[in-house]
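To keep things clear, I will list the structure first and then write my remarks on it.
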Amino acid sequence: MKRIVLSLFGAVIIFAGSLSETQAATPLVDAAWVKANAGKPGIVFLDTRHRSSFMAGHVAGAVNSDYGRDGWRVKAKGVPGMLPDTARLSRLIGGLGIGNDSHVVILPGGYNSAEMGVATRIYWTFKVAGHDAVSILDGGMEAYLSDRKAPLVKGLATPKVRTFAINMRPQLLATADDVGKMLAAGSAGTLIDSRPNDQFLGVNKSGKVKRPGTLPGAINLPGRWTTINDGGAFRSRDALNTLYAAAGAPTKGETITFCNTGHWASLGWFVNSELLGNKKTKLYDGSLAEWSQQPNAPMEQKIKLR
């Protein structure tokens with residue numbers, strides 16, 4: 001039971017009771033927070049590292065999930081990396097011992113920005129599923145393990161299956177139709193391409209994308225810019241604002257982030273929506289893997305090589 005005293009315009013207001021996990025959850029937590037809260041009821045630490053690393057040592061109370069194999073993303077209508085249907089997603093999350101009252105703290109490895117994209121994609125998935133009590137360990141397990149005295153538990157963890165009800169938030173999810181409408185409207189919104197610059201320019205392309213280039217009028221702000229030295233720690237708000245200004249990307253207004261399959265784009269969405277506070281940001285799940293399959297869908301190749 002917590003007793004909180006606030007002073008507002010000279011009046012003292014007392015709240016008795018505990019804050020909900022939703023109120024307690026912030027987008028990022030640090031290693032000290034994890035150490036202080038390890039093993040506490042109501043918190044589920046979701047470790048996304050390779051199982052062997054998890055077994056060698058993990059945070060007390062953590063469960064392990066394989067991002068690539070467990071069904072966080074599926075192939076749908078020929079498009080890889082898509083959000084699974086609600087029934088499958090509910091089973092996946094509940095099977096990890098996560099309920100609607102759980103505060104989920106995602107523990108990625110923290111090795112580089114692309115790997116931190118695992119955490120931001122799962123974070124976005126929880127948000128789309130209607131779950132606000134979710135956080136990411138800034139710096140990942142690299143930050144936690146930098147303290148050689150950090151407490152660890154070895155072996156596998158077998159979570160108790162729980163029921164997790166999905167309450168979809170379509171306002172966080174962009175479709176091909178949404179992109180088409182934004183393109184047709186001209187200056188009505190911003191498209192942010194979170195891929196590396198060579199792919200944005202059309203010099204190279206992912207094997208999952210049919211045609212080189214980007215969406216017409218898109219702004220390039222690579223996902224690897226958003227972490228310090230392409231590592232596991234996110235840049236400060238001031239630094240991110242500087243990078244957005246350099247890229248010519250606004251931090252307000254209707255925005256859709258995209259990449260090849262919606263992975264890099266989750267870094268762009270997380271920074272734009274959660275760290276810079278633009279709640280009018282959507283992630284295009286299908287991204288260019290879906291868009292480029294449509295023969296008449298326009299794309300812009302800035303550099304054409306013979």
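What you see below is based on every heavy atom in this structure, not just the backbone, and it leaves out hydrogens, waters and symmetry mates.
Among the candidates V104, I93, L46, the single residue satisfying the side-chain contact (heavy atoms from CB on, under 4.5 Å) test with I122 is L46. When each of F126, W33, F45 is paired with H103, the ring pair (Phe, Tyr, Trp, His ring centres under 6.0 Å) condition holds for W33 and for no other. For the side chain to side chain donor-acceptor pair (under 3.5 Å) criterion with Y67, the lone passing option out of H263, R121, E115 is H263. Under the side chain to side chain donor-acceptor pair (under 3.5 Å) rule, S266 has a single partner from D285, T120, T257, T125, which is T120.
In the displayed structure, K35 atom NZ is contacted under 6.0 Å by more than 12 heavy atoms of other residues, nucleotides or ligands. In this structure, K280 places its NZ atom where only 12 or fewer heavy-atom neighbours from other residues, nucleotides or ligands lie under 6.0 Å away.
Evaluation of the side chain to side chain donor-acceptor pair (under 3.5 Å) rule for S52 yields H50 as partners, not counting sequence neighbours. Every residue two or more places apart in sequence or in another chain that forms a side chain to side chain contact (heavy atoms under 4.5 Å, CB included) with T175 is listed here: D177, D178. Judged as a side chain to side chain contact (heavy atoms under 4.5 Å, CB included), and not counting sequence neighbours, the contacts of V153 are H58, A60. Residues passing the ring-ring contact (aromatic ring centres under 6.0 Å, His included) test with Y123 are F270, sequence neighbours excluded.
The hydrophobic clustering, which links ILVMFWY residues whose side-chain heavy atoms are closer than 4.5 Å, places I136 and I98 together.
Here ring-ring contact (aromatic ring centres under 6.0 Å, His included) pairs that include residues 155-184, with residues two or more places apart or in two chains, are H131-F164.
Checking W264 against S287 by side-chain atom types alone, no donor-acceptor pair falls below 3.5 Å.
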Could you walk me through whether R169 and D132 pass the side-chain contact (heavy atoms from CB on, under 4.5 Å) test, one step at a time? CA-CA 11 Å; R169 289 179 175 143; D132 282 323; 2.9 Å; yes

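Hydrophobic side-chain contacts under 4.5 Å tie V179 into a cluster, directly or through other members, with M182, L183, L191, V209, L215, I256, F258, Y284, L288, W291, M299.
Ionic pairing of E290 and K210 is not present here: no N-O contact between side-chain nitrogen and carboxylate oxygen is shorter than 4.0 angstrom.
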